[in-house]
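Here you go, one structure.
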Amino acid sequence: MEINGTEILDTFAEAFPTWITRVIITAGTQEWAYRAAVEATGFATSKIGCPCEAGIERPLSPDETPDGRAGISILICAEKKNMKSNVATRISQCILPTPTTSAFDGFPDADARFYTKMHYFGDQYEERCVVGGRKCWKIPVMEGEYVGEERFGTVKGIAGGNFLVMGNDQRSALAGAEAAMEKITGTSGVVTSFAGGIVRSGSKVGCKNYRFPMPASTSHRWCPTLKARISDSLVPDSVASVYEIVLNGVDEASVSAAMKAGILAATRTGAVTHIGASNFDGKLGQYRISLHDLFR
């Protein structure tokens, strides 16, 4: 298959089930909401070495938030048993300290719910209140008061949707990946947890050559510099650089739609030679998202 002069390899992205919580962060200005969102989604690129995966979903207008202020929504992805601790930690350590912010539940209709118990920070000086019809807590802080919810919903989602952007040189491949991310950024229901949404160091489970256990190591079959050294390289002959874009989302449809939009944007640059995907030969992930099926 070829789109805009770019070859779409006949392969699939292998994705996994996860749990997702959406946190709505509001503030006195959009800038402060964004700053809190950046902090709250830090050190959350991959479950390989981070406590969770998280990313900024999209900006929110005042009519989309419980308190009528500008906001940002973030998605936090983790195992269900670890969700409470991840959300509570990121609200208490990243959102609560940020000037003028509040945190609200982004999945108010979810069946699975948990309490962060944020009100204990108030040391019994806290008070119950209602904001936009929601039960909240008002906690005294040096600035004045922090107001927010402490009960959050969590829903089943998908982690690890992905595609690979390839070029004849590093600059071309990166230009394609950047174009893809420009299109994907702000898509409802989807986040990319890595810096700028672009990954240069894709990985595989375990390692091939070291004798001690490792959770992950370089995806050697997709490393262009190893084409002449290994017999099972997957890198096309003309390719000298490969970037991966990894997406988590609330459902398969959202992830697939974002993948398709990103791939189309990458091909339109004229800089990308091939589009591929990372998988584990179908042995690990529950979801298989075929690249060709995205365009049929």
Side-chain angles (χ1 to χ4, degrees), residues 19-46 50-78 82-108 110 114-123 126 129 131-132 134-155 157 181 184-197 248-250:
W19 285 84
I20 297 179
T21 292
R22 175 184 283 135
V23 179
I24 295 173
I25 303 169
T26 66
T29 66
Q30 188 82 50
E31 178 62 24
W32 278 116
Y34 176 75
R35 290 177 179 178
V38 170
E39 294 297 325
T41 55
F43 192 55
T45 56
S46 169
C50 301
C52 66
E53 297 179 1
I56 293 174
E57 183 183 22
R58 66 182 182 93
L60 299 172
S61 61
D63 61 1
E64 295 179 289
T65 64
D67 63 358
R69 301 192 298 170
I72 299 282
S73 61
I74 65 173
L75 299 183
I76 298 175
C77 312
N82 297 327
M83 186 62 78
K84 175 181 175 178
S85 62
N86 277 295
V87 173
T89 299
R90 289 168 189 272
I91 291 177
S92 65
Q93 301 303 304
C94 303
I95 299 173
L96 171 66
T98 305
T100 75
T101 57
S102 294
F104 298 98
D105 176 22
F107 289 135
F114 58 88
Y115 285 92
T116 59
K117 299 182 179 180
M118 275 289 297
H119 73 275
Y120 288 132
F121 184 77
D123 194 24
E126 70 275 7
C129 64
V131 177
R134 300 183 180 211
K135 296 179 180 179
C136 296
W137 285 93
K138 185 165 53 178
I139 301 173
V141 293
M142 294 190 301
E143 175 192 68
E145 291 176 331
Y146 167 86
V147 178
E149 288 184 277
E150 67 171 16
R151 192 180 187 212
F152 288 81
T154 187
V155 300
M181 277 309 305
I184 292 170
T185 298
T187 300
S188 181
V190 173
V191 294
T192 54
S193 59
F194 290 88
N248 295 353
V250 295

- [ ] Answer whether the closest heavy-atom distance between the side chains of Thr116 and Phe152 falls below 4.5 Å.
- [x] yes
Task: Separation of Arg22 CZ from Cys77 SG (nearest 0.5 Å) - done: 11.0 Å
Task: Interatomic spacing from CG in Leu60 to OG in Ser73 - rounded to 0.5 Å - done: 4.5 Å
Task: Arg90 vs Pro51 side-chain heavy atoms within contact, under 4.5 Å - done: yes
Open item on the list: Walk me through whether Arg151 and Asp105 qualify under side-chain contact (heavy atoms from CB on, under 4.5 Å).
Closed with: CA-CA 7 Å; Arg151 192 180 187 212; Asp105 176 22; over 6 Å; no
Open item on the list: Main chain of Val191, side chain of Asn248: is a donor-acceptor contact present, judged purely on distance under 3.5 Å?
Closed with: no
Open item on the list: Checking Ala110 now: which residues fulfil side chain to side chain contact (heavy atoms under 4.5 Å, CB included) with it, not counting sequence neighbours?
Closed with: Phe107, Arg113, Val155
TODO: Take Val147 and Val131, measure what side-chain contact (heavy atoms from CB on, under 4.5 Å) needs, and give me the verdict at the end.
DONE: CA-CA 9 Å; Val147 178; Val131 177; 3.6 Å; yes
Task: side-chain contact (heavy atoms from CB on, under 4.5 Å) between Val87 and Phe114, worked out - done: CA-CA 10 Å; Val87 173; Phe114 58 88; 3.8 Å; yes
TODO: State whether the side chain of Thr41 and the backbone N or O of Gly55 hold a donor-acceptor pair below 3.5 Å, judged by distance alone.
DONE: no
- [ ] Please examine the side chains of Pro59 and Tyr34, heavy atoms only from C-beta on, and report whether any two atoms are closer than 4.5 Å.
- [x] no
- [ ] Examine distances only and state if a side-chain atom of Glu57 and a backbone atom of Gly189 form a donor-acceptor pair shorter than 3.5 Å.
- [x] yes
Open item on the list: Applying side-chain hydrogen bond (donor to acceptor under 3.5 Å, both in side chains) as the test, list every pair that has at least one member in residues 186-196; sequence neighbours left out.
Closed with: none
Open item on the list: Please give me the minimum heavy-atom distance between Ala70 and Ala33, naming the atom from each residue.
Closed with: O-CB, 4.4 Å
Open item on the list: Within the 4.5 Å heavy-atom criterion, are Met118 and Tyr146 side-chain neighbours or not?
Closed with: yes
TODO: Could you grab the distance from atom CZ of Phe104 to atom SG of Cys136, nearest 0.5 Å is fine?
DONE: 5.0 Å
- [ ] Let me know which of Asn86, Ile74, Leu75, Thr154 forms a side-chain contact (heavy atoms from CB on, under 4.5 Å) with Thr21.
- [x] Thr154
- [ ] Please step through side-chain contact (heavy atoms from CB on, under 4.5 Å) for the pair Met83 and Ile76, ending with a clear verdict.
- [x] CA-CA 8 Å; Met83 186 62 78; Ile76 298 175; 4.1 Å; yes
Task: Any Lys138 side-chain heavy atom under 4.5 Å of Glu126 side chain - done: no
Task: Side-chain heavy-atom pair Ile72, Ile56 within 4.5 angstrom cut-off - done: yes
Open item on the list: Donor-acceptor pair, distance only, cut-off 3.5 Å: does the side chain of Glu39 make one with the backbone of Ala36?
Closed with: no
Task: Set of residues satisfying side-chain hydrogen bond (donor to acceptor under 3.5 Å, both in side chains) with respect to Arg69, sequence neighbours excluded - done: Thr26, Asp67, Ser102
TODO: Please round to the nearest 0.5 Å and tell me the distance separating atom SG of Cys129 and atom CD of Glu145.
DONE: 8.0 Å
TODO: Answer yes or no: is there a donor N or O on one side and an acceptor on the other, between the side chain of Thr98 and the main chain of Thr101, under 3.5 Å?
DONE: no
Open item on the list: Quick check against the 3.5 Å criterion: does Glu149 have a side-chain atom that pairs as donor or acceptor with the backbone of Ala103?
Closed with: no
- [ ] Could you tell me whether the side chain of Lys84 reaches within less than 4.5 Å of the side chain of Lys117, counting heavy atoms only?
- [x] yes
- [ ] Ignoring hydrogens and angles, state whether a donor on the side chain of Glu150 or Trp137 is under 3.5 Å from an acceptor on the partner side chain.
- [x] yes
Task: Side-chain touch Ser92/Phe121, heavy atoms, less than 4.5 angstrom - done: no
